[in-house]
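Just so you know, ligand 1 is whichever comes first in the structure, and atom 1 is the first atom listed for that ligand. Counting begins at 1 with the first residue of the sequence. Just the heavy atoms: all of them, side chains too, but no hydrogens, waters or symmetry mates, feed the values below.
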Amino acid sequence: MAHPLSVAVVGSGPSGAYCARLLTEDGSLDARVDVYERLPAPYGLVRYGVAPDHQKIKSITASLAEILEHPRVRFVGNVAVGSDVSLDGLRRHYDAVILACGASVGRRLGITGEDLPGVFSATDFVAWYSGHPDAAVDRFSLTAEQAVVIGVGNVALDVARMLVRTADELRRTDVPEHVVEVLAASSIREITIVGRRGPAFAKFTSKELAELGALESADVVVDPADLILDEEQEAALAANPAARRVLAKLRAMADREPRGARRSIRFAFACRPAEFLGTTAVEAVRFQRSLGRSSEPVDVPAQFVLRSIGYRGSRLADMPFDERTGTVPNDVGRVIGPDGPVPGLYAAGWIKRGPTGVIGTNRPDASETVRALVDDMRAAPLKRAAAPGDPVDLLGLGGKAVVDWAGWRAIDRAEREYGERLGRHRVKLHDRTRLLDAASAPAASED
Ligand code: NAP
């Protein structure tokens, strides 16, 4: 090859970072990787999706940082592909582009009343408590008494747990101080987590369920009648050890006497959301509760509702996109356009396979994509169309406040210092202006 392999990765979450590592750890490729990130801060859903009280999972940021600090990897933060720079522009200036931009939008139910005030996507709530720059600081006020969470995946458990955490527990995390204040002042007393199918089909894991059951601040209530299984559920259970562990945990919870905690978290199963009721704001959710072959309507009062029914990706300009699945059509990572595989364009992570799996699932996923890229390159060297030179310069990002790795390190330092001042380990800066101010602060003595 006449020049080193140059690759742009779009997205700095785990899948993008794992692609960057795979490309740079193979010395024979002589790859240079620029990781574009639309936010001023890296790590995608590890920073803005993993629950703040799951610090052990968040500690993965240390290994992602090592990848992004590699001498042949560059972090190009605060640059949105699709608006600040076009995907076609990237494709002209790099030999290959890997889309690893995730799935960050909450899915909708498509039922009446979904836009009533008080009905939110869990994704928005997660973004807000995680201090995501796109989530308005004052987005949530939590003056409701009763809440409903629709969906029984791990995100549903995350949001329910965050709604009952005490101020002390929250101050041990890195959530912004105003988030601690709003959550601590919340008047929500009752949270109902509702699954549309029976408990044998719950998507959450027994570990996360056990964590919910161990909370001091809330009683978890399970109705034993919900745990009587039909044949279909028995068969699902027989085939799935993880579901058996979940059911055993739910049974243990159903046997427990409530301790009279200030708040309660109740599970309801086999209830399909049908309609949100209310005139000026949501007052209740109407479900159709399955009774074998028939069903009956059940209204659960709620002034605050989170739909936690999964994520979907969003379309970037010039990017092939399947609206139905919210993913990029691809074959083992090679992006497929209307005329077949798009030369030099690949996908990895949630935008490739949909919002499933845990962080570790992105390793084999990234490896499949990078293998496809390397195989293509060896079969016929990938060629960028534009003249050689530094793409970041050539793409005309001059007017944009690009946050490089030093800028991110400055943000990181500012968040630790801010935390120390508040007697906390670290506190996230929420709004974009503060993040950009911190990134450009003249504190470059560290290195
Ligand atoms: P998820 O696991 O796919 O769960 C989505 C839930 O929404 C399911 O219960 C699903 O029910 C329900 N649902 C979908 N459409 C619905 C509809 N129209 N009406 C009612 N319910 C509906 O999604 P998630 O909770 O957003 O999690 C996303 C991924 O992140 C998962 O892989 C999860 O394990 C992972 N995650 C992991 C952790 C952790 O490891 N601690 C934490 C958070 C997230 P059906 O099954 O009936 O479709």
Side-chain angles (χ1 to χ4, degrees), residues 13-15 44-60 102-114 119-127 129-130 148-162 173 192-212 214 226 232-233 236-237 240 242-243 245-246 250 267-276 285-290 295 298 300 305-313 324-327 349-362 365:
S15 61
L45 272 191
V46 174
R47 179 171 159 98
Y48 290 118
V50 171
D53 57 346
H54 281 173
Q55 286 300 320
K56 206 164 154 219
I57 305 181
K58 279 189 182 286
S59 62
I60 194 149
S104 56
V105 180
R107 293 182 52 229
R108 286 177 66 85
L109 285 159
I111 59 174
T112 306
E114 194 159 5
V119 181
F120 300 92
S121 154
T123 318
D124 285 352
F125 188 56
V126 169
Y129 66 56
S130 302
V148 159
V149 179
I150 299 175
V152 284
N154 277 328
V155 171
L157 300 195
D158 280 351
V159 295
R161 204 175 60 249
M162 286 300 286
T173 74
T192 309
I193 305 177
V194 188
R196 64 175 165 178
R197 298 189 285 165
F201 297 109
K203 291 257 175 74
F204 49 64
T205 38
S206 56
K207 183 162 165 268
E208 274 63 30
L209 185 60
E211 185 184 14
L212 198 72
D226 268 349
E232 196 192 0
Q233 290 196 73
L237 218 57
N240 185 348
R245 287 194 291 276
V246 165
L250 286 169
F267 281 97
F269 291 98
C271 289
R272 199 167 282 274
E275 187 179 350
F276 295 101
V285 189
R286 174 158 298 165
F287 294 95
Q288 282 295 333
R289 185 163 59 154
S290 161
S295 67
V298 176
V300 180
V305 179
L306 294 174
R307 353 170 255 274
S308 181
I309 60 164
Y311 291 77
R312 53 180 282 119
R324 194 181 49 82
T325 57
T327 58
W350 276 8
I351 197 69
K352 167 189 175 189
R353 68 174 194 274
T356 57
V358 291
I359 293 168
T361 316
N362 292 303
D365 178 290

Can an N or O of [X] be found at a distance shorter than 3.5 Å from an N or O of ligand 1?
X: Thr356; value: no
X: Ile150; value: no
X: Asp158; value: no
X: Lys203; value: yes
X: Glu208; value: yes

Taking [atom] as the reference point, the nearest protein heavy atom with its distance:
atom: atom 7 (O) of ligand 1; result: Ile309 CA, 3.2 Å
atom: atom 16 (C) of ligand 1; result: Arg196 CZ, 3.4 Å
atom: atom 9 (O) of ligand 1; result: Val152 N, 3.0 Å
atom: atom 23 (O) of ligand 1; result: Gly310 CA, 4.0 Å

For [X], the ligand 1 atoms whose distance to one of its heavy atoms is below 4.0 Å:
X: Tyr311; value: 26 (O)
X: Leu109; value: 17 (C), 18 (N), 19 (N)
X: Arg197; value: 45 (P), 46 (O), 47 (O)
X: Pro355; value: 28 (C), 29 (C)

Out of curiosity, [X] [atom1] to [Y] [atom2], how far, rounded to the nearest 0.5 Å?
X: Ser290; Y: Arg197; atom1: OG; atom2: CZ; value: 12.0 Å
X: Ile359; Y: Lys58; atom1: CD1; atom2: NZ; value: 8.5 Å
X: Phe287; Y: Ile111; atom1: CZ; atom2: CD1; value: 8.0 Å
X: Arg272; Y: Ile150; atom1: CZ; atom2: CD1; value: 12.0 Å
X: Asp365; Y: Trp350; atom1: CG; atom2: CH2; value: 12.0 Å
X: Gln55; Y: Ile60; atom1: CD; atom2: CD1; value: 13.5 Å

Option with minimal heavy-atom separation from atom 31 (C) of ligand 1, where the choices are Gly153, Ala274, Gly357, Gly360: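 Shortest heavy-atom distance from atom 31 (C) of ligand 1: Gly357.
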Selection from Val149, Asn154, Val155, Leu157 by shortest heavy-atom distance to atom 33 (C) of ligand 1: Asn154
Is it true that [X] lies under 4.0 Å from ligand 1, counting heavy atoms only?
X: Pro273; answer: yes
X: Trp350; answer: yes
X: Arg107; answer: yes

Aromatic ring pairing Phe269/Phe267, orientation class (parallel under 30°, perpendicular over 60°, tilted between): parallel
Val246: which of Leu209, Thr205, Val152 passes side chain to side chain contact (heavy atoms under 4.5 Å, CB included): Leu209
CA sep, side-chain torsions, deciding dist, call: Val155, Tyr311, side-chain contact (heavy atoms from CB on, under 4.5 Å): CA-CA 10 Å; Val155 171; Tyr311 291 77; 4.0 Å; yes
Close side-chain approach of Arg196 and Ile309, heavy atoms under 4.5 Å: no
Any side-chain heavy-atom pair of Arg47 and Ser130 under 4.5 Å: no
